[in-house]
Amino acid sequence: MPNNNSLLVFRNEINNIDEQIVKLLAKRKNLILQIAKLKIESNKPIRDMERERKMLQELIILGQKYQLTPEYITRLFQLIIEESVSTQKKMLKKFCVNNKLTPTSFAFLGPKGSYSHIAASEYAHRNLQTCIIQECTTFKEVILSVENNESDYAVLPIENTCSGSINEVVNLLKKTNLFIIGEINIFINHCLLAIKNIPLNQIQTVYSHSQPFQQCSNFIKKFPEWNIKYTTSTADAMKKINQYNNIYNAALGSEIGSKIYGLKILSKNLANQEKNITRFILLHRNSISISSNIPTKTTLIFSTGQESGALSEVLLILKENKLIMKKLTSQTIYKNPWEEMFYIDIQGNISSELMKKTLKKIEQITKFTKILGCYPIENIFPKVP
Ligand SMILES: O=C(O)C(=O)C[C@]1(C(=O)O)C=C[C@@H](O)C=C1
């Protein structure tokens, strides 16, 4: 039986420590409110995953010096950060209600300055929404962010006029339970950026996402001596150039990105085609219904066996019903070479009797059909800068 006196002494000391912890947490919360105010004024995202990662890493190392396990420290600070994010979200919501703004968070392939970021900002601007940005490192993470209710919209590139369909995104659409609710076309003006203005023949390594290298292949071919390094996005490439601080490095990126990352433009308009446009789709957890007087398109994916003519039967159904196909792309299914998957945009409203009848017929003759959404056709084409 412990000595009652010493137990009381220890408990009193614990009470004092717990009181200090509560006061420190209250102090931390006040700082979080200041940070939230700064972020609202500068339209910065609430979550900074890099900051959280580094902070937890340092706290785990510190905890280990005092024999506190990484699991304990992680659980404790994840709870503290969760509360901090929730506090900031509440403050943002209140700000938006008071200012009659609709707070809308967009998840995209980051970091900021990527073309996906530009697409999200432009879409939010056109729809009078305050754009809260959630930078992701993969397309899959973009989708999960919305599926897990961390963001409202997923912004994903679906095709480019130079490099065609972005198959990785098309593949993800087959599995997600999100719906396409909108689209936006962004003029892609790829630039070659570096930390200093140097002649192109002095550049040694160029960083970017695989898409810009495909879209600017004619330009890249002029410099066979360049080392090519792939990154998760154009903004990731610009961020790396900025961090590496090596004058012989360059990135394929955007003019907006050069301002964000303080880079010089060595060359611009580098795409093989003059009008290099990427179409982005916006996905949400719920589908939308559009009035019949707005031009819409309905997107679906379907897979057929490799029976000859399987696809042409589908196209015949569209023809018979006088429906216009706006896009068709196909790809073999991974580990399933005898089956093909098709992504198709049909001009028309899913709620029309004609579309319902047509989709029913397509479902009857295909192995798998999934309707991805019905949404307004974007009739605003990007202004050439
Ligand atoms: O430092 C910030 O930007 C914060 O918002 C604070 C905080 C935190 O609680 O430490 C919360 C959310 C962020 O993702 C990162 C850190």
Side-chain angles (χ1 to χ4, degrees), residues 17-66 68-99 101-114 116-117 120-121 124 129-155 232-233 235-236 238-239 242-243 257 260-262:
I17 290 169
D18 290 351
E19 189 182 331
Q20 288 174 58
I21 291 172
V22 169
K23 286 177 180 167
L24 285 171
L25 286 173
K27 203 171 166 190
R28 191 183 201 277
K29 180 169 180 176
N30 284 333
L31 288 169
I32 293 299
L33 291 170
Q34 298 306 316
I35 287 178
K37 190 166 174 296
L38 282 177
K39 288 183 176 178
I40 290 170
E41 285 160 3
S42 55
N43 202 12
K44 280 193 182 325
I46 288 173
R47 300 211 71 163
D48 180 338
M49 304 313 280
E50 188 57 23
R51 161 69 179 158
E52 289 184 26
R53 189 188 62 75
K54 275 188 183 151
M55 188 167 63
L56 272 176
Q57 202 173 31
E58 286 157 14
L59 289 164
I60 285 169
I61 293 164
L62 178 65
Q64 285 172 316
K65 284 184 186 151
Y66 297 96
L68 300 175
T69 65
E71 293 71 25
Y72 175 53
I73 293 292
T74 302
R75 258 192 11 247
L76 180 65
F77 280 93
Q78 273 177 346
L79 181 67
I80 291 174
I81 291 171
E82 215 172 279
E83 178 60 20
S84 144
V85 170
S86 160
T87 302
Q88 295 187 64
K89 281 187 174 173
K90 281 184 198 136
M91 188 164 165
L92 175 68
K93 205 141 186 97
K94 198 165 155 224
F95 169 81
C96 292
V97 167
N98 295 345
N99 294 277
L101 296 167
T102 46
T104 317
S105 55
F106 293 79
F108 60 88
L109 188 67
K112 53 184 181 298
S114 65
S116 295
H117 178 199
S121 307
Q129 289 165 321
T130 40
C131 175
I132 303 144
I133 60 175
Q134 180 60 49
E135 303 167 22
C136 300
T137 52
T138 63
F139 290 140
K140 175 78 183 152
E141 204 185 306
V142 171
I143 285 191
L144 286 174
S145 178
V146 179
E147 286 179 345
N148 300 337
N149 243 332
E150 284 168 14
S151 300
D152 298 307
Y153 293 102
V155 181
T232 55
S233 71
D236 184 38
M238 294 184 279
K239 194 172 177 181
N242 177 287
Q243 284 167 346
I260 293 174
Y261 296 98

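Note that ligands are numbered from 1 as they come in the structure, with each ligand's atoms numbered from 1 the same way.
- Atoms of ligand 1 lying under 4.0 Å from any heavy atom of V85, numbered from 1 in the order shown and given with element: 12 (C).
- Below 4.0 Å from some heavy atom of E52 lie the following atoms of ligand 1, by number and element: 12 (C), 13 (C), 14 (O), 15 (C).
- Counting non-hydrogen atoms of other residues, nucleotides and ligands closer than 6.0 Å to CD of E82 gives a total of 12 or fewer.
- Residue contacts with ligand 1 for I32 involve side-chain atoms from C-beta outward but no N, CA, C or O (heavy atoms, distance under 4.0 Å).
- Looking only at side-chain heavy atoms (C-beta outward), K39 and L92 stay at 4.5 Å or farther from each other.
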Where do E19 and K23 land on the salt bridge (Lys or Arg N to Asp or Glu O under 4.0 Å) test, with the steps shown first?
CA-CA 6 Å; E19 189 182 331; K23 286 177 180 167; 2.9 Å; yes
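- The single protein non-hydrogen atom nearest to atom 2 (C) of ligand 1 is K39 NZ, 3.5 Å, given as residue, atom name and distance.
- Atom 11 (C) of ligand 1 has its closest protein heavy atom at S84 OG, 3.1 Å.
- I17 is listed as a side-chain neighbour of I21, based on a closest heavy-atom distance under 4.5 Å.
- Counting only heavy atoms from C-beta outward, the side chains of L25 and E83 never approach each other to under 4.5 Å.
- Counting all heavy atoms, side chain and backbone alike, V146 lies closest to Y153 at CG2-C, 3.3 Å.
- For atom 10 (O) of ligand 1, the closest non-hydrogen atom of the protein is R28 NH2, 2.9 Å.
- Ligand-side atoms of ligand 1 in range of M55: 10 (O), range being under 4.0 angstrom from any heavy atom.
- Ranking protein heavy atoms by distance to atom 16 (C) of ligand 1, first place goes to R51 CG, 3.9 Å.
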